[in-house]
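Report on the structure given below.
Convention: sequence-line order gives letters A, B, ...; per-chain numbering from 1.
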Amino acid sequence: MNGRIRSSVSVSWQRHWLGLLLLAVVLLAVPFVAALGGQAWVRIANFAILYMFLALGLNIVVGYAGLLDLGYVAFYAVGAYTYALLASPHFGIHLPFWVILPLGAGLACVFGVLLGAPTLKLRGDYLAIVTLGFGEIVRIFMNNLNAPINVTNGAQGITLIDPIRIGDFSFAQTSTFLGVTLSGPQKYYFLLVALALLVIVVNIRLQDSRIGRAWQAIREDEVAAKACGINTRNIKLLAFAMGASFGGIAGGIFSAMQGFVSPESFSLMESITILAMVVLGGMGHIPGVILGAVLLTGLPEALRYGIEPLQRALFGRMIIDPESLRMLVFGLALVLVMRFRPAGLWPSSQRRRELAESAD
Amino acid sequence: MDTLLQQLINGLTLGAVYALVALGYTMVYGIIGLINFAHGEVVMIGTMVAFTVIVSLASSGMSPLLILGVGLLVSVVVCMVLGWALERVAYRPLRHAPRLTPLITAIGMSIVLQNVAMIIWGRNYITFPPMINKQIYEIGGASFTNVQVAIVSLAALVMLGLIYLVHRTRIGMAMRATAQNPHVASLMGVDINRVIAMAFIIGSALGAVAGCMVGSYYEIAHYQMGFMLGLKAFTAAVLGGIGNLAGAMAGGLLLGLIEALGAGYIGDLTGDFLGSHYQDIFAFIVLIIVLMFRPSGLFGERTGDRA
Amino acid sequence: MNHVRIPGVLVVLAASMAIIGCGKKEEPKAAAPAPAPAAAAPAPAPKPEMVVKIGHVAPLTGPIAHLGKDNENGARMAVDDANAKKVEIDGKVIKFELLGEDDQADPKTGAVVAQKLVDAKVAGVVGHLNSGTTIPASAIYNQAGLPQISPSATNPKYTQQGFNTAFRVMANDIQQGSVVGTYAVKDMGAKKVAIIDDRTAYGQGLADEVEKAAKAAGATIVAREFTNDKATDFKAILTKIKAKNPDVVFLGGMDAVGGPMLKQMKELGIKAKFTTGDGGCSPELIKLAGPASEGVICSQAGLPPEKLPNGQKFLEDFTKKYGQIQIYSPYSYDAVMVLIDAMKRANSADPVKYLPEVGKTSYDGVTGKIEFDEKGDIKNGAITVFEIKDGKLVTLKSEGGSAPAK
């Protein structure tokens, strides 16, 4: 990144650092500010970052390479189960997280290639349904691999998964150091932020790399890309593999944070939600995808808190169950955003331009 | 042998239902290349409306068949209006948007319809009143009911009607023209907006018919029933080659048969290693294998770049 | 070009901050009315009032929302009944409040909701409905030291985690499965048993235990088939079962699966007796299956209502207020009552003080006598076997104390 910073004018250089400083302050403050409203908000913030992670991973496949993947949750599941099996009493194995997380990412990556290889020839909607099927296949196997050999413990899931631990420092407990008391969720928050920053940097670097441009070329016109000497097969596989690895890491952290995994966490609806985050925010545009993830995780929760008082304020009593209305509003929000901002809430400037042209 | 025959009958009935729902997906996709994810919910609304009509007429003293007919008619009309409204409100404004945009809208509409149905018809499972007196017939040790006969023949009739409509009428011709090239079609005097709206209306009407069938076959309805059904039917449509009417029918029937035979025999074939718990993945595995060799489905033409 | 992006990220995070911030601002508003009377309590009455909040969690959206709402209604009625009695604790008249939350049957939402209840300083929690959400949430309640009583989670693992806060008023799968499995073989004389489960944590757990018990009693398992909880077509697996000609078919699953399955068994001409556990032992099954439900044998945890005077009354009151009972509302009613009972005995609504009393519970509830073993499972949980006759659940026999928790 340094090279780029130097190449820009000095004014923006200063603004850049100011921005980073502000960002750091904000990121540091989030868990403490959120905790004022209750630890639940810290947990919601954690899930928002976890989904951001997933959305950025899927963004590589869908946003950069233009491959519509409806089974992304499969990789998330692979990562989660890798962690669960290697750090729980289920097999009596308790490996440390720094061994399992990379392992989970690697395994998810292998699955990514496994999915990618047979589907290379497929395009658009055919790819969508095959990836959807793949996601379901993985989930159904997780749900049923308790017999004849009990691997995943079936639908009952795996309990008592170890939290992330460094020496005696466990992420699950509240502890105080340097006079600051940190709850379990708050600690996970900082871990997640650190990882998320890493992923964002990787995403930014990828976007402008040779590989990133090759993905873009494939997205725009695969035949032309091939004619330009791009090895479309390998480059597409790479997109699947990289996206999958991010999913794998997210899965591992999910496992550790929850202490419990079962196949119902990896349903098709999850894949669809993650895809909705990418598209709603602005496909292929990192800030947009982050916004999408934060909004779609936060909105249903904010509605959970907000709908009841709102109805009381408007009508003086509860007219419709808040739960029924919550998902209804969520669905309507999806429709309305797409209606008025078809390229997403925060599309990249390039994409906005393309859209303006094609609309004529 | 009688077991095999029975499984074929099971698969055929299931397949007829899938095929009819799959037609709804394929009608829309064939013309504007959009996966109408909310179609499963249209089917659900169809079932629910028919249910309400039938229940409210049940004590009126009309003959059961007439009540069923009125229920079907009302639900078809309601779904046609719903399909038209969906297209008008949710999809038409997005016709030039990026390809994934209408997909998210469709998912949003699907959530909205489900929750509206939950508010109207409640969270509980609903018993669909049996209007036809179930008669059980037996052939060679396998049994089937008159409802199953009605479903398969009604499905066949509807499909034939649809083929006639698309290939022999003016609106059908306009549809085919729009599917090939909307721009050129509009230059030839085809009202594209009308044609696309018609595709949604007809697709939704088919969905309503399918909904009534599902309701009277399983005699159960729930506000979330559309999701799985829609997903299976969509798989069927892709299997046959999405956008192709004959393909959707073949895909539906094939999917029904795969599921029935798969659940029935996979355990014996693999020495009980894989059992009926893997029923739902046979369809996907067959789909992946078919698409590996025929990337546009069984009956799909090699279309240009749709992506 | 690239340097623009970092501030972009910044703006988003700032936006996310704002969202979280907004949420934070909303929250105290929602919670504000509750603590105010608790602290001030300016009641003119001689007895001061105190508000005690009890949390309830079940899925109120999604495929089993009808069961979730039923659970919540049971808990709500318990709270209303307790308030009508003007329970006094530590010299104060207690006004109980129920905070009903929706976990969407999703483990992740379950954890967030659990945290929300902990933040709201509830005195205890009744829930969740599914084992899949109950287990991850139990870790959060345990850390906060909050007693949690699940009215319906039957997965044995829930109470095997070693949490002193986890209880259930429902027999677990092992207890119930052994009764049903043995009953099928010993009392119904089944030699060949076919077992179907719906691949949920509940269905799988129960079916496995039934299989063990039936085998132990000397029957052969001729078929083990599977479906899923969203399926409506079971003809393929039923056809396979028909070929094996079993005496008894057992379903580990819910009424929404059992109803259509019974009808399809009839269409295929399967003569075997149909048995199922508490998930299918409901009036809903009779409604969904119609005449095909005649002769179904099913089991429920607890004693039959006619043996319990308060059970009958509960049935009438509940039906008047909320309509038909689904399955678990009597248990969620009892769960709330057990919490209140423990508070009374400890003379405190502080979880730290009354938690030890929950374990010592001995309470006559609407589902039977409730006592907990050292793990928090219901002790000597009674299991009642019913038969469906003329569209009604008729008691065949009750087994209490015969199936201690393992």
Side-chain angles (χ1 to χ4, degrees), chain B residues 2-11 13-14 17 111 114-115 118 122-130 134 136 138 141-145 147-148 214 217-225 227-229 231-232 256-257 259-268 272 275-280, chain C residues 59-70 196-199 203-204 223-244 254-264 266-270 282-292 323-324 326:
Chain B
D2 50 344
T3 308
L4 178 65
L5 188 62
Q6 182 71 59
Q7 294 291 25
L8 288 175
I9 294 173
N10 299 341
T13 323
L14 193 58
V17 174
I111 295 174
Q114 271 188 27
N115 283 281
M118 183 170 97
R123 298 181 164 91
N124 292 0
Y125 281 82
I126 289 169
T127 322
F128 205 84
K134 251 187 204 161
I136 300 174
E138 271 199 41
S143 56
F144 57 94
T145 64
V147 177
Q148 278 173 296
V214 173
Y217 182 37
Y218 299 115
E219 295 172 7
I220 190 169
H222 188 236
Y223 74 96
Q224 287 209 322
M225 62 185 273
F227 186 74
M228 264 321 261
L229 187 63
L231 193 64
K232 291 274 175 70
L257 288 172
E259 287 198 344
L261 296 177
Y265 290 100
I266 194 81
D268 300 338
D272 277 331
S276 52
H277 30 336
Y278 296 100
Q279 181 176 15
D280 287 335
Chain C
L60 302 174
T61 48
I64 53 167
H66 61 296
L67 296 178
K69 197 74 201 169
D70 184 52
I196 306 172
D197 80 63
D198 68 354
R199 299 322 284 169
Q204 180 201 332
R224 183 77 207 260
E225 294 298 332
F226 311 90
T227 180
N228 68 65
D229 55 342
K230 292 174 194 72
T232 45
D233 192 299
F234 313 101
K235 285 204 165 163
I237 55 172
L238 290 175
T239 301
K240 205 178 158 196
I241 286 175
K242 189 188 175 192
K244 301 275 168 67
M254 306 306 288
D255 41 23
V257 169
M261 187 180 281
L262 275 164
K263 283 186 178 166
Q264 289 166 31
K266 205 173 173 196
E267 281 170 28
L268 288 171
I270 297 176
S282 65
E284 187 79 3
L285 181 85
I286 301 170
K287 193 182 103 194
L288 292 175
Q324 174 108 71
Q326 294 291 338

Taking the side chain as C-beta and beyond, is there a heavy-atom pair between C/T232 and B/Y217 under 4.5 Å?
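No, every pair of side-chain atoms sits at 4.5 Å or beyond.
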
Check: C/K240 and B/T3 side chains under 4.5 Å, non-hydrogen atoms:
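Contact flag for B/T3/C/K240 side chains = no.
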
Using side chain to side chain contact (heavy atoms under 4.5 Å, CB included), reason through B/Y218 and C/Q264 one step at a time and then give a plain yes or no.
CA-CA 8 Å; B/Y218 299 115; C/Q264 289 166 31; 3.3 Å; yes

Quick check on [X] against chain B: is it the side chain, the backbone, both or neither that has a heavy atom closer than 4.5 Å?
{"X": "C/K242", "answer": "side chain"}
{"X": "C/T239", "answer": "both"}
{"X": "C/D197", "answer": "neither"}
{"X": "C/K263", "answer": "side chain"}

Does the [X] side chain pair with the main chain of [Y], one donor and one acceptor, at a distance under 3.5 Å?
{"X": "B/E219", "Y": "C/L288", "answer": "no"}
{"X": "B/T145", "Y": "C/E267", "answer": "no"}
{"X": "B/R123", "Y": "C/K69", "answer": "no"}

What's the separation between atom [atom1] in [X] and atom [atom2] in [Y], rounded to the nearest 0.5 Å?
{"X": "C/N228", "Y": "B/Q279", "atom1": "CG", "atom2": "CD", "result": "8.0 Å"}
{"X": "C/D233", "Y": "B/N10", "atom1": "CG", "atom2": "CG", "result": "7.0 Å"}
{"X": "B/L229", "Y": "C/K230", "atom1": "CG", "atom2": "NZ", "result": "14.0 Å"}
{"X": "B/K134", "Y": "C/K266", "atom1": "NZ", "atom2": "NZ", "result": "9.5 Å"}
{"X": "C/H66", "Y": "B/Y125", "atom1": "NE2", "atom2": "OH", "result": "6.0 Å"}

List the atom of B/I220, the atom of C/A256, and the distance in Å for their closest heavy-atom pair.
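Closest approach of B/I220 to C/A256, heavy atoms only: CD1-O, 3.8 Å.
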
B/A263 and C/A236: which non-hydrogen atoms are nearest, and at how many Å?
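Minimum heavy-atom contact is CB-CB, 3.8 Å.
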
Taking side chain as everything from C-beta outward and backbone as N, CA, C, O, which of these in B/Q148 sits under 4.5 Å from a heavy atom of chain C? Side chain, backbone, both or neither.
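Just the side chain, heavy atoms under 4.5 Å.
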
At a 4.5 Å cut-off on heavy atoms, which part of B/Y278 comes close to chain C: side chain, backbone, both, or neither?
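Contact with chain C is absent: no heavy atom of B/Y278 under 4.5 Å.
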
Which one wins on heavy-atom pair count under 4.5 Å against chain C: B/T13, B/V17, B/I136, B/N124?
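Sorted descending by pairs with chain C, the first entry is B/N124.
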
